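Note sheet for the following structure.
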There are 2 protein chains.
Amino acid sequence: MAIDRKEQIYSTARTMFSERGYPATTVRDIARELNMQAGSLYAHIGSKEDVLWEIVERAALQFIGVVAPIASSQTPPADKLRAMVRAHVLVVADNLDDATIFLHEWKFLGEERRAWVNERRNLYEGFYRRVIDEGIDSGDFAAHTDAKMAALLVLSSMNWLPQWYNPAGPLSPEEIADSFTQTILKGIQAPQY
Amino acid sequence: MAIDRKEQIYSTARTMFSERGYPATTVRDIARELNMQAGSLYAHIGSKEDVLWEIVERAALQFIGVVAPIASSQTPPADKLRAMVRAHVLVVADNLDDATIFLHEWKFLGEERRAWVNERRNLYEGFYRRVIDEGIDSGDFAAHTDAKMAALLVLSSMNWLPQWYNPAGPLSPEEIADSFTQTILKGIQAPQY
DNA sequence: CCTACCGATCGGTAGG
DNA sequence: CCTACCGATCGGTAGG
């Protein structure tokens, strides 16, 4: 059984960055949890920021990797949006700490890395904006729908999820996703004749 | 013109706590901005945490103070919810830094103060849960509405607002509030006969 | 992975 | 409000 020290360091960092935040977590906190000396960490990591970066980058690519194929598929807009939100919520539920760090700790990265994150965020948000535009064009969603605001409503509910979601709670990720999308879809759907 | 040093310190702290976060802001950062020595701050403040506390407490009381009267008024549920969200968004728009700090930096307070914040949060969220319950009872909202999830949708959109709202942007606070509540209200309204 | 340590910086205080 | 300073701690490195 290969005990991968590097994985342990990242796992501990994930928990601590998520709970206390990046600046309030010290390399000594991480080392202590693993019964190591602070300096010994640097046999496995480049810097504290490198650890944050790897977590953030991984999370960004995971969200995009899961949602992009759905966004570019040929599916009716309402079904597509439902599938995207569901995929997103499942990733969050399985990677709560990564999602929290991705949403709140990326600002402590250096300038270049921060710029990279911003690009991916815009890309990701575009997926949602576009499905809603598709729905307006196809007549599935009401013509007066403000695509930007509707996308923001979807993204807000997903981004706030890590703050309250409890894996031990009564609601499954699927139920949460369905509840949100059901209300929002009904809220933006075109009048039925 | 009385230059209130204490107010200047709090004003600077508000900006910095909001932008960099509490742990990443040092008392020397605040002092430097005001052309003071770090030690001189302590003629006006008790501790760094006291400054955070005063900001968080003030924000909490402001949100509750503005929304509670509406929540307890005799108004049709849909109108009431609209008015509550509008009041909330106006407070956020006028106090962006306080809202950000209230939402994200309160966890760096000591245990007692953190508990106080948690109580007010629950109280505040209850206002929204209850209006939605009222609407379900009165038949204004669909009987199958999940009040908890609907309230969460409202609160999520409001809580994410400080992350993207731009006072120089094209949307007024009223327009933002109306857009969100319009979609959500339509999403949870009872079928019309 | 440890010992030992670096320069820098932290929140805060004493004494004017 | 400044000077001068406190003990503690920070991220990180050298040299084994």
Side-chain angles (χ1 to χ4, degrees), chain A residues 1-57 97 101 104-114, chain B residues 1-57 97 101 104-114:
Chain A
M1 86 186 99
I3 300 177
D4 191 337
R5 228 32 174 144
K6 188 177 173 185
E7 251 334 293
Q8 294 183 336
I9 293 169
Y10 274 82
S11 172
T12 304
R14 247 188 288 275
T15 307
M16 292 187 170
F17 289 172
S18 162
E19 280 181 1
R20 326 177 184 179
Y22 176 77
T25 303
T26 72
V27 294
R28 281 167 178 81
D29 290 334
I30 298 171
R32 193 179 311 115
E33 178 75 20
L34 298 171
N35 297 312
M36 300 171 70
Q37 299 304 313
S40 306
L41 287 176
Y42 289 85
H44 303 97
I45 69 174
S47 69
K48 188 189 170 192
E49 199 205 296
D50 281 351
V51 177
L52 174 61
W53 167 241
E54 207 162 302
I55 296 171
V56 169
E57 186 189 28
D97 289 334
I101 295 167
H104 299 296
E105 308 303 322
W106 64 276
K107 57 186 162 202
F108 299 109
L109 291 167
E111 205 181 326
E112 279 183 46
R113 289 167 164 178
R114 243 180 11 246
Chain B
M1 82 188 107
I3 300 177
D4 191 338
R5 229 31 175 148
K6 189 178 171 185
E7 250 335 293
Q8 293 182 336
I9 293 170
Y10 274 82
S11 172
T12 304
R14 249 189 287 275
T15 307
M16 292 187 169
F17 289 171
S18 163
E19 281 179 2
R20 324 178 186 177
Y22 176 77
T25 302
T26 72
V27 294
R28 283 167 177 80
D29 290 335
I30 298 172
R32 194 181 310 115
E33 178 75 21
L34 298 170
N35 297 311
M36 298 169 72
Q37 299 303 314
S40 306
L41 288 176
Y42 289 84
H44 303 97
I45 68 174
S47 70
K48 187 189 171 192
E49 198 205 295
D50 282 353
V51 176
L52 174 61
W53 168 241
E54 208 162 300
I55 296 171
V56 169
E57 187 189 29
D97 290 333
I101 295 167
H104 299 296
E105 308 304 322
W106 64 276
K107 59 186 161 201
F108 299 109
L109 290 167
E111 204 180 328
E112 280 183 47
R113 289 167 164 177
R114 244 183 6 248

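Computed from a predicted structure; not experimentally measured. Letters A, B, ... mirror the listed sequences (proteins, then strands); counts begin at 1.
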Please evaluate residues B:Arg14 and B:Ile101 with respect to the criterion side-chain contact (heavy atoms from CB on, under 4.5 Å), reporting the C-alpha separation (whole Å), side-chain torsions for both, the decisive distance (0.1 Å), and the verdict.
CA-CA 8 Å; B:Arg14 249 189 287 275; B:Ile101 295 167; 4.2 Å; yes
Nucleotide-resolved protein contact map, nucleotides 1-16 of chain C, B/S/- at heavy-atom distance under 4.0 Å:
BBB------BBBB---
Any pair counted as ring pair (Phe, Tyr, Trp, His ring centres under 6.0 Å), so long as it reaches residues 3-37 of chain B, sequence neighbours left out:
B:Phe17-B:Tyr22
By side chain to side chain donor-acceptor pair (under 3.5 Å), B:Ser18 pairs with (sequence neighbours left out) B:Asp97
If we ignore hydrogens and angles and just use 3.5 Å, is the side chain of A:Glu33 paired with the main-chain N or O of A:Thr12 as donor and acceptor?
no
The criterion is side chain to side chain donor-acceptor pair (under 3.5 Å); which residues satisfy it with B:Gln8, sequence neighbours excluded?
B:Arg5
For the NZ atom on B:Lys6, are there more than 12 heavy atoms of other groups (residues, nucleotides or ligands in this structure) within a distance under 6.0 Å?
no
Can you name the side chain to side chain donor-acceptor pair (under 3.5 Å) partners of B:Arg20, sequence neighbours left out?
B:Asp29
Show me, range against range, the stems involving DNA chain C, built from at least 3 consecutive Watson-Crick or G-U pairs below 3.5 Å.
C:1-16 with D:1-16
